[in-house]
Amino acid sequence: MEYITHSPEETEAVAFELAKKIKAPRVVCLTGDLGAGKTAFTRGFARFFGIEKGVSSPTFIIMHRYNGSEVINHYDLYRINDYDELADIGFEEQIESGISLIEWPDAFMEYLPEDRIVIKITRTGENDRLIITEDL
Ligand code: ADP
Ligand code: MG
């Protein structure tokens, strides 16, 4: 599926709708450059599970966990150099439950479950984004 959005709110709304289709445990990879809207997407996604506030980028601490009607694990792997760093924080156990959204997953795809979902966000204009998902 492809979606075109024209504001962060529209990207959040697309994510909210897609969240309805995803059951835990599941890994969702969010690819796209800096400023594409991966964190905005996560914010809308988390809202579907009743997580209304405080979704921000976990760039410096790698992971945030939110407790809504499902547990949402939100990762930013941009600063991770080696899979061992991820294993050390308990990544393998963490992704076994809840829904895990992963920003910058690209270097670690081989460690992720085969049934992961990949969602690609591309900046096509100042406020325009193209969101591509596989069929959910
Ligand atoms: P990422 O996590 O991919 O680095 P963020 O979600 O943190 O990106 O930031 C996206 C930035 O782009 C925000 O400043 C947001 O306001 C802006 N933006 C503009 N248009 C859109 C859109 N259609 N969807 C998402 N973000 C948008
Ligand atoms: Mg981000």
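Computed from a predicted model, the values in this text were never measured in an experiment. First listed ligand is number 1; within each ligand, the first listed atom is number 1.
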Open item on the list: What I want to find out is whether Asp115 reaches Arg26 closely enough, with some N-O distance under 4.0 Å, to be called a salt bridge.
Closed with: yes
TODO: Please list, by chain and number, the protein residues whose heavy atoms come under 4.0 Å of ligand 1.
DONE: Thr5, His6, Ser7, Pro8, Thr11, Asp33, Leu34, Gly35, Ala36, Gly37, Lys38, Thr39, Ala40, Glu103, Glu126, Asn127, Arg129
Open item on the list: Just by distance, no angles: are the side chains of His6 and Asp128 close enough, under 3.5 Å, to form a donor-acceptor pair?
Closed with: yes
Task: Residue pair Tyr83 / Glu92, side-chain donor-acceptor N/O under 3.5 Å - done: yes
Task: Non-neighbouring partners of Phe49 that pass side-chain contact (heavy atoms from CB on, under 4.5 Å), sequence neighbours left out - done: Ala19, Phe45, Ile51, Ser69, Glu70, Ile72, Ile99
TODO: Could you pull out all residues at least two apart from Glu134 that satisfy side-chain contact (heavy atoms from CB on, under 4.5 Å)?
DONE: Ile117, Val118, Leu136
Open item on the list: Check the orientation of His64 and Tyr66. Use parallel for under 30°, tilted for 30 to 60°, and perpendicular for over 60°.
Closed with: perpendicular
- [ ] With the side chain counted from C-beta on, respond yes when Ile132 and Met1 share a heavy-atom pair under 4.5 Å apart, and no when they do not.
- [x] no
Task: Glu10 and Arg129, any side-chain heavy atoms less than 4.5 Å apart - done: no
- [ ] Anything protein N/O/S under 2.8 Å from the Mg ion (ligand 2)? Just list residue and atom, please.
- [x] Thr39 OG1, Glu103 OE1
- [ ] May I ask you to check whether over 12 heavy atoms, not counting those of Ile61, lie within 6.0 Å of atom CD1?
- [x] yes
